[in-house]
Amino acid sequence: MSATPVLASTREELAALLAPARAGGEPVGLVPTMGALHEGHASLVRAGRDRIARAGRSGPLVVSVFVNPLQFGPHEDLDRYPRTLEADLKVCEREGVDIVFAPGVEEVYPGGAPQVTVRPGPLGKVLEGKTRPGHFRGVLTVVAKLFGLVRPDVAVFGQKDYQQLTLIRRMALDLNLGVEIIGAETVREVDGLALSSRNRYLDAEQRQEAVALSRALRAAQEAAGYGADVALTAAWAELRAAPGVDVDYLVITDPDLGELPPAVPPGTPARILVAARVGSTRLIDNIPVTLGLPANGVSD
Ligand code: PAF
């Protein structure tokens, strides 16, 4: 049985809890979340722990739980976002988290709406950024703030939100934030559906339809040996077979979300990403693919 994580709600409480680790030079791990924790988040915690253990060190692992208003658009329902702190604490206890930082909005934004924010650059305007203007500015700003408050050595994000992960890596690089960013593999239901806090909005029929996204990605992965176009065609076949799935985009990019050149040598790594609405719920998913080589053993 794991020890109960300590709950910090203010910046001062957090600083006091982290002080011994800082004084002892122990590495600090951070898993930023918006709560509503599920098995996918649990896997992020494990990835953080493993990274710290691999360095042969022990140090506190912090999970932050904060529904960040700045990353919600005016038509996205911030109030509808699930807030389940008690259940989240149980997940954290089971996973051996040391500190849960669950601040209020005024703790994270003490000066009100921030005047200085992190601009994501061109990658913030495509894919998710196209339908959700301002979203990545909100994400990067809050992640930078959390990094400032926790000052982690290692931070873990899910590959499920691949564009977010890519932008956070880029921010850490461009702003020399001195934190190692780990991208943890997507956790899936047995039928392939990627775990997401949004899956709870799907009714039984929509839940069946939603599996078309991961089915499409698998089909693309298997066909990728024949090239990017064939992979996309295979994915579209699966998506078209699910009439309740309204596709926003299906793309193949390089691993950094850049454009692939028209002809690539066999063995070129790429990423295929999909976004679709199922009912009123917007779902995203992605998977790594290797172009021009048989698909044996490729998985995410
Ligand atoms: O992925 C999320 O849950 C959020 O976008 C994050 C990274 C915690 C920032 O609010």
Side-chain angles (χ1 to χ4, degrees), residues 8 14 29-45 47-48 61-73 76-85 87-88 91-92 95 97 99-109 113-114 117-120 123-124 127-129 131-150 152 154-172 175 177 179-187 194-201 257 273 275 281-286:
L14 177 70
L30 171 65
V31 178
T33 80
M34 297 211 297
L37 302 186
H38 49 63
E39 200 42 42
H41 297 105
S43 82
L44 304 186
V45 170
L61 194 90
V62 181
V63 167
S64 61
V65 174
F66 179 63
V67 182
N68 172 34
L70 203 63
Q71 69 188 75
F72 285 78
E76 297 174 348
D77 203 347
L78 169 65
D79 297 332
R80 186 180 171 225
Y81 200 87
R83 286 154 173 93
T84 58
L85 186 58
D88 295 344
V91 175
C92 289
E95 295 302 326
V97 171
I99 299 169
V100 174
F101 179 45
V105 174
E106 64 297 338
E107 283 296 320
V108 178
Y109 295 106
T117 58
V118 182
R119 279 185 50 207
L123 186 53
L127 303 173
E128 287 307 288
T131 31
R132 306 184 70 189
H135 170 68
F136 288 117
R137 176 179 149 265
V139 170
L140 294 187
T141 301
V142 83
V143 170
K145 277 172 157 285
L146 291 167
F147 285 177
L149 291 168
V150 177
V154 174
V156 190
F157 298 86
Q159 291 181 16
K160 155 86 174 29
D161 294 302
Y162 195 74
Q163 189 174 6
Q164 167 174 288
L165 171 65
T166 307
L167 278 164
I168 290 168
R169 281 194 203 286
R170 189 71 214 200
M171 172 175 77
L175 302 184
L177 296 183
V179 47
E180 181 187 351
I181 306 297
I182 295 180
E185 284 182 11
T186 302
V187 180
L195 294 197
S196 162
S197 310
R198 293 181 179 188
N199 293 353
R200 68 182 68 201
Y201 302 136
L257 296 180
L273 302 98
T281 307
R282 188 182 159 80
L283 298 175
I284 57 173
D285 200 355
N286 69 87

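By convention here, the first residue in the shown sequence is residue 1. Computed from a predicted model, the values in this text were never measured in an experiment. Whatever order the structure lists them in is the order used to number ligands and atoms, beginning at 1.
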Straight-line distance of Asp285 CG to Asp161 CG, nearest 0.5 Å: 10.0 Å
Within a strict 4.5 Å, meaning less than it, do heavy atoms of the Val150 and Ser64 side chains meet? no
Answer yes or no: are there more than 12 heavy-atom neighbours, outside Arg170 itself, under 6.0 Å from its atom CZ? no
N/O of Gln164 under 3.5 Å from N/O of ligand 1, yes or no? yes
Donor-acceptor pair between Asn68 and Tyr109 side chains, under 3.5 angstrom: yes
Counting from 1, what ligand 1 atoms have a heavy atom of [X] closer than 4.0 Å?
| X | result |
| --- | --- |
| Pro32 | 8 (C) |
| Val142 | 9 (C), 10 (O) |
| Thr33 | 8 (C) |

Could you check atom 9 (C) of ligand 1 against the protein and tell me its nearest heavy-atom contact, residue, atom and distance included? Gln71 OE1, 3.3 Å
Does Arg198 reach the main-chain N or O of Leu283 with its side chain, forming a donor-acceptor pair under 3.5 Å? no
Should the proximity of Ile168 to ligand 1, defined as any heavy atom under 4.0 Å, be assigned to the side chain, the backbone, both, or neither? neither
